[in-house]
Structures are given as structure tokens and as C-alpha cells.
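Letters go in sequence order (proteins before strands), and every chain restarts at 1.
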Number of protein chains: 2
Amino acid sequence: MRQTFDENTDPSFGAKHLPLLRAKMVEQGLNGLLVPHEDEHQNEYLPDANERLAWVSGFTGSAGAGVVLMDRAAVFVDGRYTVQAKAQTDLALFERVELNRLAAWLETLSAGSVIGYDPRLHSPDALATLRAAVEKAGATLKVVDPNPIDLAWGDARPAQPQAPVVPHEDRYTGENAAAKRARIGRVIAARGADVAVLTSPSSLAWLFNIRGGDVIRTPLPLGQAVVKADGTAKVFLDPAKVTNELPGWLGDAVTLEAPEALPAALDGLSGQKVLIDPAVSSAWYFDRLETTRASIIRGMDPCALPRAEKNPVEIEGSRQAHIRDGAALTRFLHWVDTVAQKTLPDERAVVEALEGFREATGMLKDLSFDTIAGVGPNGALPHYKPVGAKIRPMEVGSLLLVDGGGQYLDGTTDVTRTMAIGEGTADQRRMFTLVLKGHIAMAVIRFPAGTSGRQLDAIARQPLWNTGFDFDHGTGHGVGSYLGVHEGPQRIAGWGTDQPLLTGMILSNEPGYYREGEWGIRIETLQVVTAPAQIPGGERPMHGFEQLTLAPLDRRLIDVALLTADERAYVDAYHAEVLAKVGPLLAEGVQKDEAALEWLKAQTAPL
Amino acid sequence: MRQTFDENTDPSFGAKHLPLLRAKMVEQGLNGLLVPHEDEHQNEYLPDANERLAWVSGFTGSAGAGVVLMDRAAVFVDGRYTVQAKAQTDLALFERVELNRLAAWLETLSAGSVIGYDPRLHSPDALATLRAAVEKAGATLKVVDPNPIDLAWGDARPAQPQAPVVPHEDRYTGENAAAKRARIGRVIAARGADVAVLTSPSSLAWLFNIRGGDVIRTPLPLGQAVVKADGTAKVFLDPAKVTNELPGWLGDAVTLEAPEALPAALDGLSGQKVLIDPAVSSAWYFDRLETTRASIIRGMDPCALPRAEKNPVEIEGSRQAHIRDGAALTRFLHWVDTVAQKTLPDERAVVEALEGFREATGMLKDLSFDTIAGVGPNGALPHYKPVGAKIRPMEVGSLLLVDGGGQYLDGTTDVTRTMAIGEGTADQRRMFTLVLKGHIAMAVIRFPAGTSGRQLDAIARQPLWNTGFDFDHGTGHGVGSYLGVHEGPQRIAGWGTDQPLLTGMILSNEPGYYREGEWGIRIETLQVVTAPAQIPGGERPMHGFEQLTLAPLDRRLIDVALLTADERAYVDAYHAEVLAKVGPLLAEGVQKDEAALEWLKAQTAPL
């Protein structure tokens with residue numbers, strides 16, 4: 001179940017692979033090549049076969065880009081990955097540049113250069129920016145087909161994933177696929193289109209109630225669909241992934257086709273009005289549809305909002321997944337507080353312990369992302385993963401930050417808890433409590449219909465801002481239903497989308513504080529947007545959040561004197577709910593753990 | 001000093017003026033005409049000569065549009081003006097439609113219609129939307145020159161204003177115009193332009209340190225400028241407005257020209273790179289520059305941010321203006337609390353009393369907007385002005401909301417206070433205190449560099465949202481320095497601009513609560529963004545707000561039990577500051593008022 005590319009990559013990749021790549025570039029008459037991190041499916045996680053940037057440079061971060069010229073090359077990464085890029089790439093071969101300097105860097109290309117690009121790997125908007133920069137330099141962009149990286153990689157390239165695509169049952173989805181197709185057909189018509197091209201694997205999964213295993217950590221089937229306004233559809237999937245039960249599950253209104261049939265299918269849309277989302281579909285689709293003289297309607301993937309607005313069955317599934325996951329987490333926290341506080345294991349052992357408790361539920365399909373466990377200074381790196389030489393043992397006087405989640409058939413979880421190793425210092429208590437105050441303010445906020453997460457983000461920062469602190473990531477991301485742990489369009493961040501938060505959307509609430517070189521704090525729960533409801537004595541119906549995640553907070557780190565009476569009451573009520581819902585799973589069944597239950601009772605007593 | 005158009009307009013305008021207009025439309029071969037509220041200068045307030053929509057229809061709101069066809073006509077207004085439009089326009093002659101339905105309405109025009117428009121009155125973006133709708137109907141847009149309204153209005157049309165343009169001294173501006181021109185020249189060059197066309201009268205006023213009187217409530221000189229990257233400039237002003245001292249004040253690097261010379265000056269920019277702001281410059285400029293083959297760079301008016309970021313002299317001027325204005329306001333609030341509580345005058349008398357106290361400063365140049373005084377249900381209309389039949393007398397048991405401001409040479413003020421008439425009910429106290437809690441949260445918020453007002457808006461709403469209430473306007477707008485009381489790009493609202501708040505920007509903080517049919521509450525102060533500063537015990541420097549407005553809050557309306565200790569301390573400290581700064585002006589000088597001073601001492605005692 002674990003991705004292995006991280007461990008296999010090393011700084012020697014550049015020396016080994018750049019000559020192979022440049023030979024193929026020469027054959028295609030190129031002076032340079034754009035190497036985006038993104039693949040054909042524009043997902044967060046890539047199958048190993050599509051880790052082209054990693055193969056070229058050694059760099060394995062989840063965002064970035066490369067440019068390879070004949071005499072030099074560069075990798076472009078954001079602040080999160082500066083250190084990692086330094087460790088993974090060969091300084092003699094690659095300049096390392098801030099990702100936001102990519103366009104400026106391209107503007108310095110030699111006039112007359114021919115720079116190759118693979119239109120399957122770039123969104124049209126991103127490509128337009130790069131094209132403008134290349135042309136400003138007097139250079140030109142040229143489509144490559146096939147991609148010279150794929151040619152150079154050759155036989156060593158892993159095969160495309162072929163995980164079977166399986167039905168995802170109505171008892172988890174709450175709405176059968178025929179009803180969804182009819183509904184999405186009406187959305188397509190309402191947008192003035194005849195047909196929609198869906199290229200997002202999560203839309204494919206959601207709309208047809210299917211799941212796959214092509215990508216680590218997310219049960220996605222890689223493929224595409226063309227959906228008509230009447231609700232009929234063509235689905236493009238590698239036949240090797242099609243299980244016997246699949247055609248019957250999809251029904252007569254859905255035709256299965258092989259990926260090779262997709263270009264011709266797009267050509268068949270000539271003259272029609274085609275809805276397609278430039279945020280998730282690559283420039284290749286737009287080029288093809290323009291060539292075939294389809295009338296392109298650029299707009300949000302019609303499945304994006306319906307997928308984000310979970311129905312009551314999905315919400316109840318998520319509640320159950322979170323109770324189960326909360327029991328696993330409670331057992332883990334109990335282990336940390338007893339065994340680990342004495343034996344001081346390293347972060348890798350901490351990760352394995354948590355994953356073991358999740359696996360013990362008997363229902364874990366996958367982790368929802370690589371578990372983060374950061375001791376001391378590693379906890380201050382928000383995207384740290386315990387891999388390689390930086391792994392630290394637990395250390396008394398420091399903090400342990402653990403962020404992980406599970407993929408269950410009934411829901412996707414994602415939770416962060418921060419624990420004192422030892423008793424916690426006054427400084428740690430102050431900072432934890434400031435983060436907690438922001439977390440609580442977000443958990444209890446009520447807001448009117450139409451409010452975006454952008455408007456709410458500062459609510460969680462106010463206690464930190466007012467004392468001179470901040471954290472450098474958004475407060476919350478959307479979460480799918482047995483789908484991506486990062487799901488749009490909903491989010492809680494002061495920048496980006498204006499999408500209003502809608503009833504049924506699941507979002508994380510995860511303010512933090514990171515003291516560089518010392519330790520990190522984050523408190524994360526998932527929460528679902530509740531329907532607008534009257535507040536007694538109030539006037540207008542207001543949305544709110546129902547807390548899904550159920551796991552105790554480390555009471556040693558709470559400075560009760562810094563909490564208001566309302567905040568203290570919130571913690572006590574939350575803890576009582578954790579005990580009431582998680583306790584029964586520790587009392588009997590596969591997660592039975594009497595010691596953990598006793599510990600939980602003490603942890604959840606009123607502050 | 002008061003605008004008179006409001007009182008002069010009446011519903012008979014349509015019957016009188018539509019036939020005149022249609023006759024001119026026929027002469028120009030038009031089937032219809034677009035009648036935007038905006039004039040050539042795209043300001044909030046128009047000179048009477050440019051109140052074309054009012055002349056055609058009778059409607060005098062500050063936003064809206066009209067369309068006149070040969071057999072019917074319509075006025076388009078937003079929710080604020082529904083009632084006013086109904087009272088001011090003739091239902092037999094004008095359909096009344098939601099402003100956001102304008103494009104949809106145009107889509108229903110008869111195919112083949114020729115619809116006139118005056119490119120001087122439309123921003124290019126707004127025009128593009130209207131053009132698309134007209135063309136969707138199969139109709140066409142046609143430029144009018146001259147505008148048939150101006151022809152039909154004829155001799156009855158007021159003259160264009162010709163208020164003298166006067167120097168605004170360095171002791172108020174803090175930076176001489178030569179330094180400003182050099183600075184803006186560098187901005188123009190940095191944007192890759194040779195020259196900028198400035199069409200915003202507030203940019204003209206700011207850049208050349210001049211003020212005029214062409215527009216009510218704002219000391220604007222109507223005119224334009226063309227500024228080169230080397231800091232030299234041409235200024236286009238009606239010669240009748242040019243005072244003898246003006247050429248010397250502008251200096252040798254600035255050439256004065258008549259408005260008639262502007263088209264030729266634009267033609268002279270052929271082949272040059274011209275920076276121009278589509279948000280403030282009409283389509284006429286873009287058409288002209290395209291015809292002359294200038295290379296247009298669309299971007300924010302280069303004066304917009306420098307104007308918004310007040311320098312220390314402007315901030316100190318604003319402090320002094322607010323102390324003086326605070327003394328006038330204190331005398332007014334004392335009058336309300338003594339004389340008016342007994343005599344129960346009507347809103348008009350309340351307005352006159354406040355204006356009288358402002359005039360008694362001896363330094364008032366104009367009001368900064370028409371004073372709002374709303375008793376009871378009128379207070380629940382955020383944009384209410386006491387004009388006509390709706391004027392109410394003060395009424396015991398209700399609330400009085402007063403919102404007004406002054407234009408002083410050293411600063412522009414804008415303040416709202418809400419007072420109990422009588423003792424205030426428990427309900428009124430609860431709602432006032434909830435609004436106050438939001439107001440205080442915004443007043444004390446600290447925030448990192450890069451934060452926009454959009455991110456902060458919810459801070460002021462949280463106490464209302466969490467109890468089931470809200471208000472339907474932004475929390476704050478930018479304010480100029482002896483310029484517009486509404487100034488961009490800065491604002492505090494959950495929608496619109498992402499402009500970060502910068503040191504020296506002045507903004508209002510004015511949450512409210514409006515109970516329809518009963519009363520309204522608003523608490524407004526102006527505040528200036530302070531430079532990022534370390535907070536003791538904190539890590540990152542944070543911006544904050546310094547309160548400029550100095551006037552007591554009605555303590556009868558504060559429910560102390562609903563305040564936290566910090567909030568209560570804030571009110572006490574604010575009141576102490578009001579007494580310390582405003583008290584001396586009541587003790588001696590032109591605003592001497594011993595009774596008001598004694599009253600202020602009692603009002604500002606600790607809660």
C-alpha cells in the first residue's frame with residue numbers, strides 16, 4: 001500500500017537520465033523541453049509511470065516543474081520543497097529556482113530556441129503563461145508527440161497502472177449512478193451545452209459510482225468520460241481494468257470504450273457545444289476540440305459541486321468512518337502516552353504504530369496520505385514525512401505532531417493531534433492554546449448562505465495574529481467521500497476560490513503554529529457544513545459545522561487560564577462526545593482495548 | 001453647499017422629457033438609447049449638468065441605468081433604490097427592473113434595432129457586457145456624438161461646473177507635486193509604459209496637489225492629465241477654472257491645456273505604450289487610443305495606491321481633523337442627549353444641528369456626504385436621507401442613527417453614532433452590544449502584511465453571525481485625504497478587491513444591525529492602518545489600526561454583561577482618549593462648550 005518512488009529516487013538520476021533525454025530531444029529537433037510535475041490526469045498523486053520530473057531530476061515533491069536545455073537544466077520548486085530539492089537533485093546539473101520565477105526564467109531563453117512541450121501535461125491557462133514567456137524570449141514552443149521523456153525512459157518505465165475498477169455501492173454513495181447521470185445531464189443542459197468532457201478521475205469515480213486503485217492513497221480509476229445532456233455517457237477505461245461485473249453495473253446507458261478511442265470520440269463532437277473545465281483538463285483537449293470545430297464552453301466540471309455536497313448517506317458514512325478511525329487514533333494516542341513516552345521510539349515507529357491501529361479496524365482500504373509524524377524540529381515542517389536521514393526519535397521536552405488519515409469505503413479521514421513528550425513547557429502550552437482558540441472559533445462559527453471559506457479563514461488566525469504569530473498554510477481543505485483527501489472546490493483559505501461553502505461539504509479545520517528548529521503544533525479535525533438553521537433568539541438561518549473527527553486533545557498542552565468560559569465548555573463537550581461515540585468501540589469488537597478506554601475516560605474528563 | 005437635484009426632481013420628468021429625447025433619437029436614426037447613471041468622470045457624485053438619468057426619468061439614486069426605446073423605457077436600480085425609484089419615476093412610462101437584469105432585458109430587444117450609446121459614459125468592461133446582450137438580440141450598438149440627451153436638454157441644461165482650481169498646500173499633502181510626479185513617472189516606467197492617461201479627478205487632485213469644487217461633497221477638479229514617465233505632464237482643465245496662481249503652482253514641467261485639446265493629445269500618443277485604467281476610464285479613451293494605434297497597457301491608475309497610502313503629514317492632518325470633528329460631534333451628541341431628548345425634533349432638524357456644530361469649527365469646507373439621520377424605521381434603511389415625506393420626529397423608546405462627515409483641508413471625516421431616545425430597551429442593548437463587539441474585534445485586530453480587507457470582514461460579523469444576525473453592507477470603505485469619502489482600492493468587505501491593506505490606508509469600521517420597520521444600529525469610526533510592528537512576546541510584525549474618530553458611544557446602549565474584560569477595557573480606554581483629545585477643544589476656542597465638556601466627562605467615565 002505504500003508508494004516507493006520516494007525511497008528509490010536519488011541525486012544521481014540527473015547524471016544517468018539527462019543524456020538519454022537530450023539524445024531524444026535532438027532527434028525531435030528540440031533545444032529544450034518543459035517538464036511539469038503534472039501528468040495526464042492532473043491529480044495530486046501520480047502513478048510511478050508518470051513521475052517524469054522525478055525520473056529526469058530526482059525531485060519527488062508533489063508540485064514543481066523542470067526545464068531541460070541542451071547545456072543546462074533547472075528545477076523549480078516552492079518554499080515547501082527548497083530543502084528537499086536540494087537533497088534530491090544534482091547541483092552540478094540543475095539550477096534550483098523558485099517556482100514563481102519559472103516564467104521569468106523562460107524569458108531569458110536564447111532567441112530562436114525551439115522548446116518542446118507535451119500538451120497532455122499542461123492546463124491551458126498554465127500553458128498560456130509559459131507560452132507568453134517563451135515567446136517574449138523570441139523562442140517558440142513545439143508540441144511533442146510522443147514525449148521524449150517517455151522514449152528515453154523506455155523499458156525501464158513502469159507500466160501504467162491497471163488496478164481493477166469496481167462498483168462503489170449505493171449504501172455508501174446514497175444515490176445511484178443513473179440518478180446522478182440524469183442530474184448531471186440537466187446541469188450540462190443548463191450550462192447551454194450538448195455534452196461534457198470529464199477528465200477528472202474523481203468525477204469519473206463519483207458520477208458512475210466506481211472506484212479504482214490506479215493512484216496511491218486515492219481510490220481513483222484513471223480514465224475519461226463524455227456525458228451527454230440526456231444522461232447517456234461513454235467511459236474510456238483500459239480494458240485490462242474492466243472487471244466482469246462493471247458493464248452490468250454501469251448499465252445500458254453507458255458505453256465502455258478503450259482509451260485509444262478517445263481522440264476519435266472528441267472528433268465526433270464537431271459542431272456541438274462542449275462543456276469542459278480548464279482547471280482540470282489539459283491543453284490537449286482544448287486543442288483537439290478546437291481543431292474539430294466544437295463550440296467550447298469553459299466552465300467548472302459539472303460533477304465538482306455535486307461531489308462536494310455530500311448527501312445524508314455520505315455524511316452518515318463519514319460519521320461512522322470517523323468513529324472507527326477515532327477509536328484507532330485513541331488507541332494510538334494511548335500508546336504514545338504510555339509505551340512511547342517511556343521507550344521514545346523514532347518517528348518511523350510512531351507512523352507504523354498508528355498505521356497498525358488503523359489496519360486493526362479491519363476496514364482500512366488505504367491510508368488517505370502518507371502519515372506525517374514530526375518530533376521537535378521536524379514537526380515545524382508542515383509537509384514533513386519521516387523518510388531518510390532526518391528521522392528523529394521522540395525526545396522528552398519536545399512535541400510530537402502526527403497527521404494521518406484512512407480511506408474507508410464509507411469515508412475518508414484526516415486528523416492531526418499534537419502531544420507533549422513529557423509534561424509540556426509553559427511556552428508550548430501558550431502556543432497550543434492559542435492554536436486551539438482559533439480552532440474552536442472556526443468549529444463554532446455560524447455563517448450565512450453565500451459565505452466562502454476565504455471569508456472565514458481569518459477567524460482561525462485571530463488569536464495568533466493578535467499575539468504576533470501566524471501559520472503559512474490555509475486553515476482548511478475540502479475532503480472527498482472515499483475519494484481524494486484534498487478535494488475542491490471548497491476550501492478555507494484567505495486566497496484562491498470564492499466558492500461559497502454549501503451544506504454537506506466536508507472541510508478540515510487545521511490551524512497550526514511552527515517554531516522553526518524547535519517544534520510544531522497543529523490541531524486538525526474534519527467538519528461538515530450543516531444546513532442553514534435558525535438560532536434561538538436569532539433572525540437569519542445560519543450554516544455551521546458539525547465536527548466529524550473524534551479524538552481527544554492533549555490536556556497537558558491546554559492552558560485553561562487562556563480559555564474563555566465558552567471555549568472551555570466547548571472542549572469539555574467535545575471530549576464528552578468523543579468518549580460517548582468512540583468508547584463503545586474500545587469496549588468490544590475488533591478494536592477492543594480496555595486500557596485505552598480507561599485512558600480515554602481520564603483524557604476526556606472536564607478540564 | 002447642498003445638492004439640490006434631489007428636491008427638484010419629480011415623477012413628471014419622464015412625461016416632459018421623453019418626447020424631447022425621442023425626437024432627437026429619431027434625428028440620429030436610433031431605435032433606442034442607453035442612459036447610464038455614470039458621467040464622463042465616473043465619479044460617485046455628478047455635477048447637475050451630468051445627471052442625465054435623473055433628467056430623463058426623475059430617478060436620482062447614486063447608481064442605476066436607463067434604456068429608452070421609442071415605445072417604452074425602463075430604469076434599472078439595485079435593492080437600495082427600489083423604493084426611491086418607485087417614488088421618483090412615472091410607472092406609466094418606465095418599467096422598473098433590478099439592475100442585475102439589465103443585460104437580460106437588452107437580450108429581449110427587437111432584432112435589427114439600433115441602440116445608441118455614448119462611449120464617454122461607459123467603462124469598457126461594462127460596455128462589453130451590454131454590447132454582448134444587444135448583439136445576442138440581433139440588435140446593434142451605435143456611437144452617439146453628440147449625446148441626444150444633451151441636445152434634448154438644450155438650454156435648460158445647467159452649465160458645466162467652473163469652480164476655481166486652487167493649490168492644496170504641502171503642509172496638508174506632505175509631499176510636493178514635483179516629487180509626486182517624479183515618483184509616478186517611475187511607476188509608469190516600471191509598468192512598461194511611456195505615458196499614463198489619468199482620467200480620475202481624484203488622481204488629478206492628488207498628483208498635482210490641487211483641489212476644485214466641481215462636484216458636491218468632494219473637492220474635485222474635473223479634468224484629465226497625460227503624464228510621461230519622465231514626470232512631465234499635460235493637464236486638461238476648463239480655462240475658466242484656472243486661477244492666476246495655478247500655472248505657477250503647477251510649475252514648468254506641467255502644461256495646462258483646454259479640454260478641447262485632449263483628443264488631439266491622445267492622437268499624439270500614436271505608437272507609444274499608454275497605461276490606462278479600465279476601471280476609471282471610459283470606453284471613449286480606449287476607442288481613441290486604439291484608433292491612433294497606441295499600445296494600450298491596461299492597469300490600475302498609477303496614483304491609486306500612492307493616494308491611498310497616506311503619508312505621516314496626511315495622517316497627522318487626519319488626526320487633527322478628527323479631533324476638531326469629534327468636538328463638533330460631542331457638542332451634537334450633548335445636544336441630542338439634552339435638548340432633543342426633550343423637544344423631540346424631526347430628522348431634518350437633527351441634521352441641521354449636526355451641520356451647525358460642524359460649521360462652527362470655522363474650518364469646514366463641505367460635508368463629506370449628505371448627512372444621514374434615521375429615527376426608528378428610517379434608521380433601518382442604511383442609505384436613508386431625511387428628504388420628503390418620510391421624515392420622522394424623534395420618538396421615545398426608539399433609536400436615532402446619525403452618519404455624517406466633514407471635508408476639512410487637513411482631512412475627511414465620516415462617523416456614525418447610534419443613540420437611545422429614552423433609556424433603550426434590553427433588546428436594543430443586546431443588539432447594540434453585539435454590533436459593538438464586532439466593531440471592537442475589528443478595531444483591535446492585528447494582521448500580517450499582505451492581508452486584504454476581504455479576509456478581515458468576517459471579524460466584525462462573528463458576534464452577529466454566531467447569534468443569528470448579519471448586516472447587508474461591507475464593514476468598511478477607504479477614505480481620502482480631503483478627497484472622496486469613498487476611496488479605493490482599499491475596503492473591508494467579503495467580496496470585491498483582494499487589495500492588501502497597506503500602511504497609511506484609512507478605512508471605516510462600521511458594522512451595523514438593521515431591524516426592518518423598527519430601528520437601525522451602526523457604529524462607525526475611521527481608522528488608519530499602522531506599520532507592521534512587533535508585539536511583545538510575539539514573533540512576526542503585524543499591522544493594526546489606529547482609531548482616528550473620537551466621539552463617545554452611547555453607554556445606555558452597552559450591556560456590560562455581554563462584554564469580555566478585554567472589550568470593556570477597550571471601551572474605557574477609547575473613551576479616555578476621546579476625553580483627553582476632544583476635551584481641550586470644548587474648554588476653549590471657537591468650539592468652547594462647557595456644558596458639553598461636563599457631559600463628555602460623564603459619558604467617558606469607565607463603564
State whether the side chain of D572(A) and the backbone N or O of L607(A) hold a donor-acceptor pair below 3.5 Å, judged by distance alone.
-> yes
Is it the side chain or the backbone of S452(B) that comes within 4.5 Å of chain A heavy atoms, both, or neither?
-> neither
Verify the ring-centre separation between Y514(B) and H473(B): is it less than 6.0 angstrom?
-> yes
For the residue pair T475(B) and D457(B), confirm or rule out a side-chain donor-acceptor distance under 3.5 Å.
-> yes
Can you say whether R461(B) sits under 4.5 Å from chain A via the side chain, the backbone, both, or neither, judging by heavy atoms?
-> neither
Heavy-atom contact with chain A under 4.5 Å, split by part of D498(B) | side chain
Any donor-acceptor pair under 3.5 Å from H543(A) side chain to T530(A) backbone | yes
